[in-house]
Structures are given as C-alpha cells and as structure tokens.
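Single-structure report; data block below.
Values below: all heavy atoms of this structure, side chains included; hydrogens, waters and symmetry mates excluded. Small disclaimer: the values here were computed from a predicted structure and weren't measured. Position 1 is the first residue of the sequence; numbering continues from there.
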Amino acid sequence: MLKKDETLNNLEELAGFWNDVSNQDKERFSNEVLRRLYVLNYAPNGMWNYFTSVYFMKNKDADGNLDNEKFCEFLTKITAFIWAYAVTNPGVNAPRRPVYAEMINIVENKNIEFAEDKFEAATVKSMFNNYYFSNNRPITKSMLTWWAFNDKNQPLLPLELNLEIEHIFARKRQENEKSLSNTKQLESLGNKALLEKKINIRASDFRFEDKKKYYNGFSNDKGQFKDGTKILELQQMAENMTDFTEADINSRHDKIIDSFIDFLKQNNLIK
C-alpha cells in the first residue's frame, strides 16, 4: 500500500508531466513525441489521457522522465487503435474495455498488443469508406489532424491555435456550379482539411483558384501581408494545383483511407 507522502509525490509528478505536455516542453519531449501528443489532443474521446497517465506512472525513471523513443511508440500505437476503434465501434464508452485491459498489461510489464481487438483490413476500409464524416463528429477532426501530421514535414503547431474544418471544394461553389455528381462528397474526408479559423472565415465560400491566396498568404490593398496556413498540405496544393475537382476529392479520400490502413499495419493492429 502506498504511503500518503508517496501518493502525494506521485500526484505532483503526474501533474508536472501533464503541465509539460500542455506547454509542449521541448526539453522534456522529443519533437516526434510532441507531434504525437499534438495529434492525440484531437482524439475522438478522452481515453488516451488515462492510458497515458498509467504509462507515465509505470515507466517514469527516478527523475520523472520517460524514454522518448519508447514513449513515441506507445503514443503511435494508441493513436492507431483509438482512431480505428472510434469508427468500427462507435460510442464514447466503447474503448473502455480494450483500453483498461491494456492498462493492466502496462502495470504487469507486458507489451501493449490489443491482441483480442485487432482489426480486419477489409472491414476497416469498408467502414471508413461508408462513414459519414460530418463536422460535428469528433473523429472527423481527429482523422484530419492525423492526416496532416502523417506528413513528416508538417511543422508542430501550438496547442492554442484555433483550427477549424475547411471544405476545400466549398459548399457555396456546389450551390452555384452543381458540378459534384453527389453532394455527399462535400463531407468526404477527401474534401476536408484543418485550417486556421481566421483563414477559414475568409476562404470558406471561394472557388479553389481564389482560396489559394488565403492558403499561401497575400498582401492586401493596404500593403499588409496576411499570413497563410501552417498546414503544409494546403500550402502544397495551392502551389501545385490549379483546381480541386470531384476527381481530386475521390483520389484524396482513397489516399487518406489507404494510408490509415497502412498505419494500422505498421502498428501490428491488423489480423
């Protein structure tokens, strides 16, 4: 049984750990760990917080630090599992059973495997393809954040930055042109990206050729430069594409889903 002083010390260490997470402490955490923590900040549920707290308490050294490489592996694996489980087993409380089982494995010095809850690749792909990624579903922003940081060159962003969901092919454009064969494609992952709120407000109803200047940044008629987005993919799209069409939505959707299936495979979460 823990003594009162030991319990208090543990709580203080845990609070310090989470304080450093929220401050994105670059002395305590590697850049890759901070990137993984950033993505988890947009998790579809709060289970990762409890999971990570258990991992920290079990694996911290005498100075209250973690091995960054092993911690990164842990964060990567739980991201893959929690994201996939949110679509295949919807419900806020659904991940409790598998996550609690793995918490016990952490305490018992066993590897985290999710052995009883691995996914079928074809099932995951089918469910993701048929899932309605509306803006009010937390997993939508979760997937877009994961996708943005799937690019290893995407810079780390401050946690306080207010990001919204951008429709690359604007809803207003569809109202005017009616060029999409199916309006449901507006809500496809292939048509969505993270975008800073202040830019999203300005760019929301424009055609792609007009949106590009907001993605890149521009000088207004007063000579003031307005910053573009920090989302690397949108910068690259603005630089390399002249339009964003139905075919681009479909292609990008498939690329996101296929990349996520590969992510699950890399983390040994596919049967």
**OP:** Any chance you could measure Leu234, atom CG, to Thr229, atom OG1, to the nearest 0.5 Å?
**Re:** 5.5 Å

Original post:
When you check the side-chain N and O atoms of Trp18 and Ser53, is any donor under 3.5 Å from an acceptor?
Top reply: yes

Original post:
Can Glu73 and Lys70 be counted as an ion pair, charged N to O under 4.0 angstrom?
Top reply: no

Subject >> Lys172 side, atom NZ; Arg207 side, atom CZ - distance, nearest 0.5 Å >> reply: 14.0 Å

Subject >> CA sep, side-chain torsions, deciding dist, call: Thr52, Phe74, side chain to side chain contact (heavy atoms under 4.5 Å, CB included) >> reply: CA-CA 9 Å; Thr52 303; Phe74 165 78; 3.8 Å; yes

Subject >> Ring geometry between Phe128 and Phe133 (parallel below 30°, tilted from 30 to 60°, perpendicular above 60°) >> reply: tilted

Original post:
Out of Phe119, Trp83, Phe81, Trp146, which residue meets the ring pair (Phe, Tyr, Trp, His ring centres under 6.0 Å) rule with Phe263?
Top reply: Trp146

Subject >> Ion pair check, Glu187 and Lys192, cut-off under 4.0 Å >> reply: yes

Original post:
Is there a path of hydrophobic side-chain contacts, each under 4.5 Å between heavy atoms of I, L, V, M, F, W or Y residues, that connects Ile199 with Met241?
Top reply: yes

**OP:** Answer yes or no: is there a donor N or O on one side and an acceptor on the other, between the side chain of Ser126 and the main chain of Thr123, under 3.5 Å?
**Re:** no

Subject >> Pairing residues for Glu166 by the salt bridge (charged side-chain N to carboxylate O under 4.0 Å, His left out) criterion, not counting sequence neighbours >> reply: Lys211

**OP:** Determine, stepwise, if the pair Leu37 / Trp48 fulfils side chain to side chain contact (heavy atoms under 4.5 Å, CB included).
**Re:** CA-CA 10 Å; Leu37 289 168; Trp48 79 276; 3.9 Å; yes

Original post:
Can a salt bridge be assigned to the pair Glu32 and Arg36 using a cut-off of 4.0 Å between side-chain N and carboxylate O?
Top reply: yes

Original post:
Is any NZ, NE, NH1 or NH2 atom of the basic residue among Lys60 and Asp20 found under 4.0 Å from an Asp or Glu carboxylate oxygen of the other?
Top reply: no

Original post:
How far apart are the closest heavy atoms of Ile256 and Met143, and which atoms are they?
Top reply: CG2-CE, 4.1 Å

Subject >> Minimum heavy-atom distance Ile270-Lys265, with the two atoms named >> reply: CG1-CG, 3.7 Å

**OP:** If the plane angle is over 60° it's perpendicular, under 30° parallel, otherwise tilted; pick one for Phe71 and Phe29.
**Re:** tilted

**OP:** For Glu108, look at atom CD and say whether over 12 heavy atoms of other residues, nucleotides or ligands are found less than 6.0 Å away.
**Re:** yes

Scan the side chains in residues 148-155 for donor-acceptor partners under 3.5 Å anywhere in the protein, sequence neighbours excluded, and list what turns up.
from, atom 1, to, atom 2, distance (Å)
Asp151, OD1, Asn153, N, 2.8
Gln154, OE1, Leu232, N, 2.8
Gln154, NE2, Lys230, O, 3.0

**OP:** Search all heavy atoms of Leu264 against all heavy atoms of Ala80 and return the closest pair with its distance.
**Re:** CD2-O, 3.4 Å

Original post:
Would the number of heavy atoms belonging to other residues, nucleotides or ligands and lying under 6.0 Å from CD of Gln236 be above 12?
Top reply: yes

Original post:
Under 3.5 Å, is there a donor-acceptor pair between the side chain of Asn182 and the main chain of Lys184?
Top reply: yes

**OP:** Determine whether more than 12 heavy atoms belonging to other residues, nucleotides or ligands lie under 6.0 Å from atom OH of Tyr50.
**Re:** no

Original post:
So, does Gln174 use its side chain to make a donor-acceptor pair with the main chain of Ser179 at under 3.5 Å?
Top reply: yes

**OP:** Output, in order, the C-alpha distance, side-chain angles, deciding distance and verdict of side chain to side chain contact (heavy atoms under 4.5 Å, CB included) for Arg252 and Ile168.
**Re:** CA-CA 11 Å; Arg252 185 167 174 269; Ile168 305 170; 3.8 Å; yes

Subject >> Contact check, side chains of Glu12 and Leu8, non-hydrogen atoms, under 4.5 Å >> reply: yes

Subject >> Any side-chain donor near an acceptor of the partner, Asp243 and Thr245, under 3.5 Å >> reply: no

Original post:
From Glu246 CD over to Leu186 CG, what is the distance, rounded to the nearest 0.5 angstrom?
Top reply: 10.0 Å

Subject >> More than 12 heavy atoms of other groups within 6.0 Å of Lys198 NZ >> reply: no

Original post:
Do the side chain of Ser251 and the main chain of Ala247 share a donor and acceptor less than 3.5 angstrom apart?
Top reply: no

**OP:** Ignoring hydrogens and angles, state whether a donor on the side chain of Gln185 or Asn250 is under 3.5 Å from an acceptor on the partner side chain.
**Re:** yes

**OP:** Go through the structure and list residues passing side-chain hydrogen bond (donor to acceptor under 3.5 Å, both in side chains) with Asp258, not counting sequence neighbours.
**Re:** Lys125

Original post:
So, is the end of the Arg137 side chain (NZ or CZ) under 6.0 Å from the ring centre of Tyr131 and within 45° of the ring's axis?
Top reply: yes

Original post:
Do Phe17 and Met57 come close enough that some side-chain heavy atom pair is under 4.5 Å?
Top reply: no

Original post:
Between the side chain of Glu196 and the main-chain N/O of Leu161, is any donor-acceptor distance below 3.5 Å?
Top reply: no

Original post:
Quick one: are Leu66 and Arg28 in side-chain contact, heavy atoms under 4.5 Å?
Top reply: no

Original post:
Would Met47 and Phe51 satisfy side chain to side chain contact (heavy atoms under 4.5 Å, CB included), going step by step from the backbone distance to the final call?
Top reply: CA-CA 6 Å; Met47 290 303 298; Phe51 211 171; 5.9 Å; no

